[in-house]
2 protein chains.
Amino acid sequence: MPKSQLRSQLNLSESGEDYLKAIFQLREELRRTHDSDLVTTNALAARLGVAPGSVTGMVKKLADLELVTHAPYRGVNLTEVGERLALELVRHHRLLELYLTRVVGFRWDEVHDQADALEHAISEEFEDRIDEMLGNPAYDPHGDPIPTKEGQITGPELAPLAAMIPDPDRIYTIVRVLTQDPTLLRYLDQLRLTPGTHIRLMARAPFGGDLRVATETAECLISPLIAGVMLVMHSGH
Amino acid sequence: MPKSQLRSQLNLSESGEDYLKAIFQLREELRRTHDSDLVTTNALAARLGVAPGSVTGMVKKLADLELVTHAPYRGVNLTEVGERLALELVRHHRLLELYLTRVVGFRWDEVHDQADALEHAISEEFEDRIDEMLGNPAYDPHGDPIPTKEGQITGPELAPLAAMIPDPDRIYTIVRVLTQDPTLLRYLDQLRLTPGTHIRLMARAPFGGDLRVATETAECLISPLIAGVMLVMHSGH
DNA sequence: ATTGAGATTTTGGCATACCTCAATTATAAA
DNA sequence: TTTATAATTGAGGTATGCCAAAATCTCAAT
């Protein structure tokens, strides 16, 4: 089963791949909120469901392979090669999520775990075929950008709906949803608050209360927590 | 990622699954040629590319789980549960092979290794979807029967072309090809000797020489070795 | 029925990968 | 300086694999 050149010649374990991907994703989250690049051991441990000691061990191994840099007691960061590899994995994952919804017929709340299992198993050829089948897509079902085969990842500047000022005249487009929680995804689906939908933020209850959101056909109340994971783009009017 | 009840509650390793599948397949081969049910340790070791000692260890583990019975110095056999599980894996593998050729667009010589990697990773739901997409198929691209979800496996009585008596008036249908060797598969494809093709056995050179085979459009010579892996069915005339 | 050659299996020592837990050490804030 | 938090180390466990040597079995010939 031909893997990518990088993957096969490093002959990194599945576990190692998981670490790389987790580092990449945690760093993305840090960049969105704080301004840091350094991923901490504990954050990784929590994300991977593993004891902190285990992380130190694997991080050392990845550092030996020059996939990450490790400043003890400070944090971990990806090297260029490590990032390249992480992007490859993220590409696999997101292409698979889209494939599973569009072609195989799963709901968007069902695909994350399956993509996690499959991303390690598919060949580059398989990746190429489904990429073609899907018409070289740029976004997955949750609106997450899919890195190109060359490792480029881009996307519009987005802000969470939670940060917006209520204004019945302003129209936003939901672009991305920062969650993989099936329950939440099903809930959003039910409210029709899915990527591509146009909405208006009508009002916000004081002291961190609910937000009133209008779609084209209905209105609903959502918690600030939910509004925090909904990334929107301003779209005219 | 929901696996089958059996697979998840036993929480068998990937390696264990490979052993089960290998035992199942070796037993099939034994039944076709000899009359034995017992798979030997060495045969398993050779099949799995592993030292005989390693097999003993894993077989013990499988015996503890009551998936196989082990008569020392005699061989290994599957229990009912073990066979059920092996059939599930074989079903995954063969469905995937068909899916990869029919839907994803791979050639029949490319799919075996990929199916091997994927068969451990797919969920039961994924299996169900591709089964439906393919119209509940009974055979994979090589003509191998696909077990049903209930674990039934059937197929017509077949004999290798190598065992047939030359007769220009007798028409056979190629039903199954007992190989996964990519080189051989490409060769057969080139000669159009693929499952579903009608052929006649024109002649056979003496002393284990080549067989002359006629398709509807051409004639070719094939070695007894190749004729041994081509299973055919008599089909009138 | 016995025997001995050859094949098969088991044993034991070892290696790797990944994990946990508990003790220790470093960092940074009070 | 003290203390809380976080990270690292080291010992130990599980799972899988290897090899080589010892033990055991089978089978055919006597």
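The structure presented is a predicted model; accordingly, all values stated were derived computationally and were not measured.
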Look at the aromatic rings of Y99(A) and Y99(B) and report parallel, tilted or perpendicular, splitting at 30° and 60°. perpendicular
Can you check the L44(A) CG to dC19(C) P distance for me, whole Å? 12 Å
P72(A), nearest nucleotide to its side chain (from dT8(D), dG17(D), dA15(D)): dT8(D)
Single hit among L85(A), L89(A), V90(A), V39(A) for side chain to side chain contact (heavy atoms under 4.5 Å, CB included) with F24(A): V90(A)
Determine: side-chain N/O of K60(A) to OP1/OP2 of dT8(D), distance under 4.0 Å, yes or no. no
Could you give all pairs that pass the side chain to side chain donor-acceptor pair (under 3.5 Å) test and reach residues 45-56 of chain A, with sequence neighbours left out? E29(A)-R47(A)
Close N/O contacts between protein and nucleotides 14-16 of chain C (under 3.5 Å):
none

Considering non-hydrogen atoms only, spot the tightest contact between L38(A) and G75(A) and give its length. CD1-C, 3.7 Å
For G49(B), answer base if it contacts any base atom (sugar-phosphate contacts may also be present), sugar-phosphate if it contacts only those atoms, and nothing otherwise; contact means non-hydrogen atoms under 4.0 Å. sugar-phosphate
Return yes if a side-chain donor-acceptor contact under 3.5 Å exists between T79(B) and E66(B), otherwise no. no
Distance test, side-chain N/O of Y19(B) to OP1/OP2 of dA15(D), below 4.0 Å: no
S54(B) vs dC18(D): side-chain N/O to OP1/OP2 distance below 4.0 Å: yes
Mind checking V50(B) for me? I need base, sugar-phosphate or nothing, with any heavy atom below 4.0 Å counting as a touch. sugar-phosphate
Rounded to the nearest angstrom, tell me the gap between atom CG in L20(A) and atom P in dC18(C). 12 Å
Any idea which heavy atoms bring P195(A) and W108(A) closest together, and the distance? CD-CZ3, 3.5 Å
Which nucleotide in the list dT8(D), dG17(D), dT16(D) gets nearest to the side chain of H70(A)? dT8(D)
Compare side-chain N and O positions of S13(B) against OP1 and OP2 of dT16(D) and report whether any pair is under 4.0 Å apart. yes
Can the positive tip of R176(B) be found less than 6.0 Å from the middle of the six-membered ring of Y139(B), inside 45° of the ring normal? no
Nearest-Å distance, CE (M58(A)) to C1' (dC19(C))? 10 Å
Rounding to a whole Å, what distance do you find between L65(B):CG and dT16(D):C1'? 15 Å
Any salt bridge linking R32(A) with E28(A)? Criterion: basic side-chain nitrogen under 4.0 Å from a carboxylate oxygen. no
Can you tell me the distance, in whole Å, between the CG atom of L38(A) and the P atom of dA6(D)? 16 Å
Separation of D18(B) atom CG from dA15(D) atom P, in whole Å? 17 Å
Identified side-chain hydrogen bond (donor to acceptor under 3.5 Å, both in side chains) counterpart of H120(A) within the set H92(A), H93(A), E17(A): E17(A)
G57(B) near the nucleic acid: base, sugar-phosphate alone, or nothing, with a heavy-atom cut-off under 4.0 Å? nothing
Interface polar pairs with nucleotides 4-8 of chain C, N/O, under 3.5 angstrom:
unit_1: dT8(C); atom_1: OP2; unit_2: N42(B); atom_2: ND2; d: 3.1

To the nearest Å, how far apart are D64(A) CG and dC18(C) P? 13 Å
For a 4.5 angstrom cut-off between non-hydrogen side-chain atoms, does I222(A) reach M230(A)? yes
What is the nucleic acid contact for T56(B), judged by heavy atoms within less than 4.0 Å: base, sugar-phosphate only, or nothing? base
Among dC19(C), dC18(D), dA17(C), the one nearest any side-chain atom of K61(A) is dA17(C)
